[in-house]
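These notes concern the structure reproduced below.
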Amino acid sequence: MEPYSDQHISDATRRFLARPRRMLIGGEWCEAVDGGTLEVIDPATGAAFTRVPAGGAEDIDRAVAAARRAFESGDWPKMRPVDRERLLLRFADLIEANAQELAEIEALDNGKPVVMARLVDVALVVDFLRYMAGWATKIEGATMDVSVPLMRDRELFGFTRREPVGVVGAIIPWNFPLLMAAWKVAPALASGCTMVLKPAEETPLTALRFAELAKEAGYPAGVFNVVTGHGHTAGAALAGHKGIEKVAFTGSTEIGKLVGKAALDNMTRVSLELGGKSPVIVLDDADPAAAAAGAAQAIFFNQGQVCTAGSRLFVHKSRFDEVVEGLAGIAAGMKLGPGIDPATQVGPLVSAVQQQRVLGYIRSGYEEGARAAAGGEPARVGAGGGYFVQPTVLVDTRDDMKVVREEIFGPVVVAMPYEDLDEVARRANDTPYGLAASIWSNDLSRVHRLIPRIKAGTVWVNCHNILDNAMPFGGYKQSGIGREMGRAVLDLYTESKSVIMAL
Ligand code: ADP
């Protein structure tokens, strides 16, 4: 059970892979109650290289009980905000100190290029933990002068407090395993919640390394628990658990709806960050070469397995041929390889299922009359067996085709010409999703007029896929409910309590 090629694997990663992999529940390393395990597959070869516990409903019960105990008793509820800040800073330092190992584990597990895992995923995680550590001491309520008609003769005083929401269940996807874990863990721990994290079955490894580092940072037993396992077992048990106060989910819109309904049955607070079909809109004044490079980054970053991927490219008809030619040239020149190889620009997709899903979409595009200006095929890399798909640019599409309407979640963009702003605003919004969009132009007034017309949680101008800790992130329409990051995320992890005192 060896991963693709071990020449690029550091000793630290080797040591991690050599340790038994167990779940962290109540501060203890545990197997699944029923002893079940699941294989971890190297997407660059298709070979299994290790196993993790396949936790189920009973394991989720144990983890929720541990998180409940830690929330209500022991050291954690006694910690001052400044103590939570320091703990989170220490956790961030440990992640930074182990950045290369985490990036390598992510590359082996997910297939993503290790250089990106280090410079994007792990770097963002460290910054986000530090950013949220700062919020631990800045969670505040307000005081109110109240005027109650029936109590004119009494002096009244009103104030609000923000309290940690309680035990959080976090269910995360496989495209940015460590970063999505951090997006849930950091605000939960900054706010004083305790939590159970369920990573995706395809990519459980960095969550387990994350758990080791959380323990090393000094989090009391039960504050942070990780249960690895399948979505329909462990995930469903967590989403519908009566013992938690909040579910934080990132994943597909289809599963997000199930999770949301399960949560609502218990009136569990829920935030959902779901799918997208984000438009990239190139106006006629844009530099075609810059727009082509931007469009390539928008769709091919992380093999297109990004909820904000710029998967619908709208180019003004006067620039269409130039931009598509530039984009197709970039796509054809990208270096495919295993994620663990530092020279790789495009890695494999995460799984055989995902590769087949993406190839199925490309086939459906051909059947409906689309043509590939670049790519359009699986790719063979090394000895074969990996889940590679060529970076693909589809043209000659119609707006009712599946490849235009549905989220592909792979390195496939549909490029479409348009004539005027009204038309492109209408077509850009003609989707059930509303996560993000980008506009490429230096014409300030047209850009400003377009921004309010685009129904999306994030609009980028002359860039795409750029996230900042201070900027709220989330979706309009079927792309989700709630905003993560920035000050806004605190609302998801705290309850507001109103206090009125008669003096
Ligand atoms: P994708 O389609 O991209 O694989 P999913 O939405 O299926 O994404 O998965 C995101 C997360 O949701 C994963 O951790 C997965 O295990 C989990 N999951 C899948 N099915 C369910 C379910 N029925 N209930 C709760 N979680 C689930």
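Every number for a ligand or one of its atoms is a count from 1 in the order of the listing. Because only heavy atoms are used, hydrogens play no part in the values below, and waters and symmetry mates are left out as well, while side chains stay in.
Neither the backbone nor the side chain of F409 has a heavy atom within less than 4.0 Å of ligand 1.
When only non-hydrogen protein atoms are considered, atom 7 (O) of ligand 1 lies nearest to I255 CG1, 3.5 Å. Shortest contact from atom 8 (O) of ligand 1 to any protein heavy atom: S252 N, 3.9 Å. With hydrogens left out, the protein atom closest to atom 17 (C) of ligand 1 is I171 CG2, 3.6 Å, a heavy atom. Closest to atom 18 (N) of ligand 1 among all protein heavy atoms lies G231 CA, 3.3 Å.
Taking all atoms of both residues into account, the shortest heavy-atom contact from R405 to P432 is NH2-CD, 4.3 Å. Residue V413 comes nearest to G310 through the heavy atom pair CG2-O, 3.6 Å, listed as atom of the first residue, atom of the second, then distance.
Between R62 and E28 there is no salt bridge, since no side-chain N of the basic residue sits under 4.0 Å from a carboxylate O of the acidic one.
Counting only distance, with no hydrogens or angles, the side chain of T392 and the backbone of G375 share no donor-acceptor pair below 3.5 Å.
For the ring-ring contact (aromatic ring centres under 6.0 Å, His included) with Y219, the lone residue among F210, F91, F224 that qualifies is F91.
Donor-acceptor pairing under 3.5 Å is recorded for the side chains of N465 and T308.
Ligand 1 has a nitrogen or oxygen under 3.5 angstrom from a nitrogen or oxygen of K198. Looking at ligand 1, you'll find an N or O of I172 within less than 3.5 Å of one of its N or O atoms. At a 3.5 angstrom cut-off on N or O pairs, W174 counts as close to ligand 1. Between E201 and ligand 1, a contact under 3.5 Å exists for at least one N or O pair.
The salt bridge (Lys or Arg N to Asp or Glu O under 4.0 Å) pairs that include a residue from residues 205-231 are R19-E212, E101-R209, R209-E212, where partners are two or more places apart or lie in different chains.
Heavy-atom contacts of V259 reach the following atoms of ligand 1: 25 (C) (cutoff under 4.0 Å). Near F249, with a cut-off below 4.0 Å to any heavy atom, the atoms of ligand 1 are 6 (O), 11 (C), 12 (O).
Side-chain rings of F473 and W183 approach one another, their centers coming within less than 6.0 Å.
In this structure, atom 24 (N) of ligand 1 has a protein heavy-atom contact shorter than 4.0 Å.
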